Amino acid sequence: MEENKLYKVSNNTSKPKYYVLDMFPYPSGAGLHVGHPLGYIASDIFARYKRLTGYNVLHPMGFDAFGLPAEQYAIQSGIHPAVSTDQNIKRYREQLDNIGFSFDWSREVKTSDPAYYKWTQWIFLQLFNHYYDVDANKALPIQQLILTFEKNGNAGVKAHSTYEQIFLAHEWHQMSSKEKDDVLMNYRLAYRKKGYVNWCEALGTVLANDEVKDGLSERGGHPVEKRAMIQWSLRITAYAERLLHDLDTLNWSDALKAMQRNWIGKSEGAQLFFDVVGYDRKIEIFTTRPDTIFGATYMVLAPEHDLVSQLTTQDQKETVNKYLDYVGSRTEIDRMVEVKEVTGVFTGAYAHNPFTNSNIPIWLGEYVLKDYGTGAIMAVPSDDERDHVFAKKFGLPIIDVVDKSQWPDATLHDKVGTMFNSDFLNGMQVEVAIKEMYDRIEQKGIGSKKINYKLRDANYSRQRYWGEPFPIAYDNDGVAHAMDVDNLPLTLPNLENFQPSSGGKSPLARAEQWVTQIDGLELETDTMPGFAGSSWYFLRYMDAGNQNEFASGEAINYWQDVDLYVGGTEHAVGHLLYSRCWHKFLFDLGYLPTLEPFKKLVNQGMIQGSSRLVWRVSEFIYNDLDLAKITTVLVSKKYSDLNTLGDNEILAKLYGIANYEKSKCSGMELTSLHVDVNMVDGIYLDIEVFRNWRPEYKNAKFLLEDNKYICGTQVEKMSKSLYNTVNPDDLVKNYGADCFRMYEMFLGPIEQSKPWDTKGIEGVQKFLRKFWSLYYNESGLNLSDELPITDELKILHLTIKKITEDIERFSFNTCVSAFMMCVNDLKRLDCNKKQILEPLCILLAPFAPFITEEIWADMGNSASVHKAIFPNFEPIYLVQDTIEYPVCINGKKRDTIEISAQMSHKEIEDLVMHLDQVKKYVNGKQILKVIVVTNRMVNVVIKE
RNA sequence: GCGGGUGUGGUGAAAUUGGUAGACACGCCAGACUUAGGAUCUGGUGCCGCGAGGCUUGGGGGUUCGAGUCCCUCCACCCGCACCA
């Protein structure tokens, strides 16, 4: 097939559009294993099906080509990331082509291509040049904000901002450019801030939260610590509410929506300020339970809280400092592992509880997090479990305020109970009390009702080489200047040394000429993170070659959004949230007509590896000699349990011990090890191949069962290190792409994880041969022009119905079995009629594009089968004269009966009552009723 | 702990609105053709039982003429988040 021409798709057509997208692959050096194409096959079938049913289908593919692995490889090997990445892409492309995907490669994109990242940089500049206006509820140009500042200062501005001071117009005018820049940074959607970041010494770089697993870097497993650095950030929090709200409009799985909702983490509560006794300072807290304030007997600040040093009294200084040292020494892992252990110290300071009018002590505690809420809490030990544990440990007072005796199992989050010990709240239900408190707090002027989000702004800087350079340059004052859009792309310099520069700076800092290329300014040396390029790639496919815009308005208006997105759950929060955010931002700017990028999302499950294990005797001490060190012996599964092995005599023979004496055997041990699944047929080890695998097995001896070596099996992650990866290339070579595609689908529902087992592929292979044999005999194509009989038409239309319905609901495994049944049935009738087999060929084309194309051509068609028209289901062929009813007695099937379709319920009842089986079971017992379900079944209910 | 998901033969699974549980395959067993079979074809195959028959969708309970499917409850495993104020 000439893929490029056949699958090239136009933006100019009267056909309705359909956009099928696969998740952007990162071209890793390991190539594809059988788990990767699962989603691609499903989406390809769907795309082909949509084409056959008259849609203009956009089904593109490209590569997320920037990333850390290529850079680490470059550090090791000296090979430039661009070179290794291109090699990997070439390999991926070959592997993908092998499987027969209908991608329009003329639209291929690569994030590391300057023609592509020019527009990634352009979008970044748009983010830099916009702020989020709360009144307009959208992004607006920063120029507009500057005009407002110049006229009125910032008092009337409602924007998503981290700037808290108020200034007047004349004060703005008096600011230096540096000061103005600093103020504006608090408003820009792409901005710089100093913050705690995940610093990884070993990688010499900062990692995103989702790149850190259990306190270690996801890649390499190096320790990660908190460090303060100035970083670019994206103000994704400005979009939190819209990202949450619009989830409801998406056709995504509940699980995935729940993950995003969790991540955004909206909670409603009160923002409250507590006065600190004796200081002109207030502590801001956030609480979802303002009703419990009469039980707030102390406060806790995060150890990293800004006010800690100011609040701590002289006599508590030493204790507090010791505690801060202790906290600093704790890694993320320590903190996570020892969740139950509470630690804390008293600062010596007191806050004033505005409702009880008492002074309550201010403590520090690890369990209060700097990054959540305000980093401070009012502690209510009577109703919060953690506060309770803390109070118990440090002997702080506990005052009960909520009577929950009516709700014995309720937790704090249930927000139920009746208030007491709480002055004006007494007797109120919790929900009412919360509302009352919002009013009281606002009346007192000490706070307000507030929405809090767990979502944090995204760190957008990486101290790496292999990413998009920032189109930003700094002047001597450190003011950030956006590069002129006309000068984009700002391309990466060619480096030879990819090690991080000193002080955790990007390797780019070493390229001095590059850094100083703009007169009087210095370029930013950090690069953008992996999600930059992947947050908008689906838009570029709409108009991939465009040199003047990221995509033309016409192209965007035609394609609108992605109708179907297929990919794994690993991107559930990262990529899918960032993409949605960028999409909304570009919508705000008027570039996009849709609010959301991905209408429907299907998450494919993982294909797990089915590992094969062998058992090696790792110790066999006989006569104080470890014979296992001299001779390698492997035992088959039956003997893998030492107990089963029992008496070691049977082993002793293998070691050449003539007269085995049990007492001389003083030690025996077995070790299981993974062997390459490719040298095992099912569960039988190919001993010869195994011997040649490694030199130490060359002369190994085997303890067999039934003359065979049977391996153990284990389902686990598919991974090179477990020797359980299966390369699709091998399967395509042995069975053909059609067979491989259909078998992947046949394994089970697309969303479900399941282990790979190559053995089963033969069932699909047999099917394809049988399918072929309907069309051909020994001498070639052998089709008849005879009119089909009723049964043949019924088989065909049943299949058309089933396939159409199942493709629409992404049930591809049942499609494959429907095809198998269809071919089995037609074969039974020896059907070779063109009127049946021609539509069947089209029906199968999305699944098996090669064999159907070949048959189609042999049938004399000059155009491709992939441009044919999908057969239409005609219900008339399924109308039946008679229907086979199962006859049940009290719900258990006892007989079947063939009944004319026109027969009335009464007639059916009479007929059924005369059945021998029915008479036998009734046998004089009382018949309570007879239920006839049309076209389904008959149930006779008798009194037992 | 919270949120989401899954649990059906030896294995992968099917059963779309409550209506014949185990379709379609793998594996296994038997047979045919073959010098041979890890090729091909045919038949059998949930479990217990010689049989009649009984049992069976993670366990227990409920609704119903009828439950894999609906409700309650418990258990196991997987995924995500995790001291979230």
Side-chain angles (χ1 to χ4, degrees), chain A residues 253-263 265-267 269-270 285-289 292 300 302 335-336 338-342 365-369 371-380 383-387 389-390 411-413 452-454 569-570 572-573 603 605-606 608 610 681-684 713 743 746-749 751-764 766-767 769 802 805-806 808-809 811 813-822 824 884-896 928-942:
Chain A
S253 73
D254 289 340
L256 211 96
K257 286 193 202 176
M259 274 189 234
Q260 292 222 337
R261 268 189 211 107
N262 255 321
W263 194 261
K266 179 180 182 176
S267 57
I285 62 133
F286 174 78
T287 177
T288 57
R289 293 296 304 270
T292 61
V300 187
R335 280 209 188 186
M336 273 194 285
E338 296 159 32
V339 165
K340 294 281 167 271
E341 180 90 7
V342 271
E366 258 188 305
Y367 79 101
V368 175
L369 306 176
D371 291 321
Y372 187 75
T374 61
I377 60 158
M378 64 171 205
V380 184
D383 276 86
D384 184 286
E385 206 185 313
R386 296 152 304 162
D387 295 346
V389 174
F390 195 86
T411 66
L412 183 74
H413 303 283
N452 189 51
Y453 299 93
K454 201 159 75 176
T569 35
E570 67 271 21
V573 278
N603 284 119
M606 278 217 304
Q608 294 147 311
S610 180
D681 179 32
I683 51 170
Y684 304 112
T713 61
Y743 183 55
F746 189 57
L747 283 176
E751 309 88 349
Q752 215 164 288
S753 288
K754 55 242 159 184
W756 178 265
D757 174 21
T758 300
K759 203 80 191 155
I761 199 169
E762 283 165 23
V764 176
K766 279 182 204 163
F767 156 77
R769 273 192 209 141
K802 177 82 178 148
E805 287 171 358
D806 285 3
E808 293 282 357
R809 66 185 180 105
S811 177
N813 54 326
T814 52
C815 284
V816 178
S817 43
F819 278 122
M820 286 174 169
M821 280 190 270
C822 171
N824 287 345
E884 196 183 60
Y885 277 79
V887 179
C888 302
I889 313 290
N890 287 349
K892 290 232 183 275
K893 185 192 151 198
R894 298 298 177 187
D895 205 352
T896 53
L928 296 174
K929 61 171 130 175
V930 179
I931 291 154
V932 179
V933 185
T934 310
N935 291 341
R936 283 289 183 183
M937 50 94 69
V938 183
N939 192 15
V940 181
V941 185
I942 58 172

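Not measured: the values here are computed from a predicted model. Protein chains get the first letters and strands the later ones, always in sequence-line order, with residue 1 at the start of each.
Residue A:Tyr372 places its side chain closer to B:rA85 than to any other of B:rG4, B:rU16, B:rA85. For A:Lys892, counting side-chain heavy atoms from C-beta on, the closest listed nucleotide (B:rA25, B:rC55, B:rU20) is B:rC55. Of the candidates B:rG4, B:rC84, B:rG54, B:rC84 carries the atom nearest the A:Leu369 side chain, counting heavy atoms from C-beta on. Each of B:rC24, B:rA13, B:rA85 was ranked by its minimum atom distance to the side chain of A:Met821; first place goes to B:rC24. If you check B:rG19, B:rC81, B:rA85 against the side chain of A:Trp263, the one that comes closest is B:rC81.
At a threshold of 4.0 angstrom between heavy atoms, the contacts of A:Lys454 include nucleobase atoms, whether or not backbone atoms are also involved. When heavy atoms are screened at a 4.0 angstrom cut-off, A:Arg809 is found touching base atoms of the nucleic acid. Contacts of A:Gln752 with the nucleic acid, taken as non-hydrogen atoms under 4.0 Å apart, involve only primed sugar atoms and P, OP1 or OP2. Note on A:Asn813: only backbone sugar-phosphate atoms sit closer than 4.0 angstrom, heavy atoms only; bases stay farther off. Within 4.0 Å (heavy atoms only), A:Ile931 reaches at least one base atom of the nucleic acid.
With both ends at atom C1', the span from B:rU73 to B:rG10 equals 32 Å, rounded to whole Å. Taking atom C1' on both B:rU8 and B:rG59, the two are 15 Å apart, rounded to the nearest angstrom. Taking the P atom of each, B:rG66 and B:rA21 are spaced 14 Å apart, rounded to whole Å. When the C1' atom is used for both B:rU20 and B:rG46, the distance is 16 Å, rounded to whole Å. For B:rU56 and B:rG49, the C1' atoms lie 15 Å apart once the distance is rounded to whole Å. As rounded to the nearest Å, B:rA67 and B:rG22 have P atoms that lie 16 Å from one another. Taking the P atoms as reference points, B:rA30 lies 39 Å from B:rG19, given to the whole Å. The separation of B:rU40 from B:rA36, taken at their C1' atoms, amounts to 14 Å, rounded to a whole angstrom.
Taking atom CD of residue A:Glu570 and atom C1' of nucleotide B:rG4, one finds them 17 Å apart after rounding to whole Å. Rounded to an integer number of Å, the gap from CG of A:Leu928 to P of B:rG66 is 11 Å. Computed from coordinates, the A:Asn452 CG to B:rA85 C1' distance equals 9 Å when rounded to whole Å. Counting to the nearest Å, the C1' atom of B:rU20 and the CG atom of A:Asn890 are 16 Å from each other.
Between the side chain of A:Lys802 and the base of B:rU16 there is at least one donor-acceptor pair of N/O atoms closer than 3.5 Å. Judged by distance alone, with hydrogens and angles left aside, A:Asn262 brings no side-chain donor or acceptor close enough to the base of B:rC81 to form a pair under 3.5 Å.
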Got a list of protein N/O to nucleotides 75-79 of chain B N/O distances below 3.5 Å?
none

Any N/O pairs under 3.5 Å between the protein and nucleotides 39-48 of chain B? List them or say none.
| unit_1 | atom_1 | unit_2 | atom_2 | d |
| --- | --- | --- | --- | --- |
| B:rU40 | OP1 | A:Arg769 | NH1 | 3.1 |

Dot-bracket, 5' to 3', for RNA chain B please: Watson-Crick or G-U pairs under 3.5 Å, [ ] where pairs cross earlier ones, | where the partner sits on another strand, dots elsewhere. (((((((..(((......[....)))((((((.......))))))(((....)))..(((((..]....))))))))))))....
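Here A:Asn824 reaches the OP1 or OP2 of B:rA25: one of its side-chain N or O atoms lies under 4.0 Å away. An OP1 or OP2 oxygen of B:rC84 is reached within less than 4.0 angstrom by a side-chain nitrogen or oxygen of A:Arg386.
For B:rG46, the base adopts the anti conformation, since its glycosidic angle falls more than 90 degrees from zero.
A donor-acceptor contact closer than 3.5 angstrom is absent between the side chains of A:Asp383 and A:Thr292.
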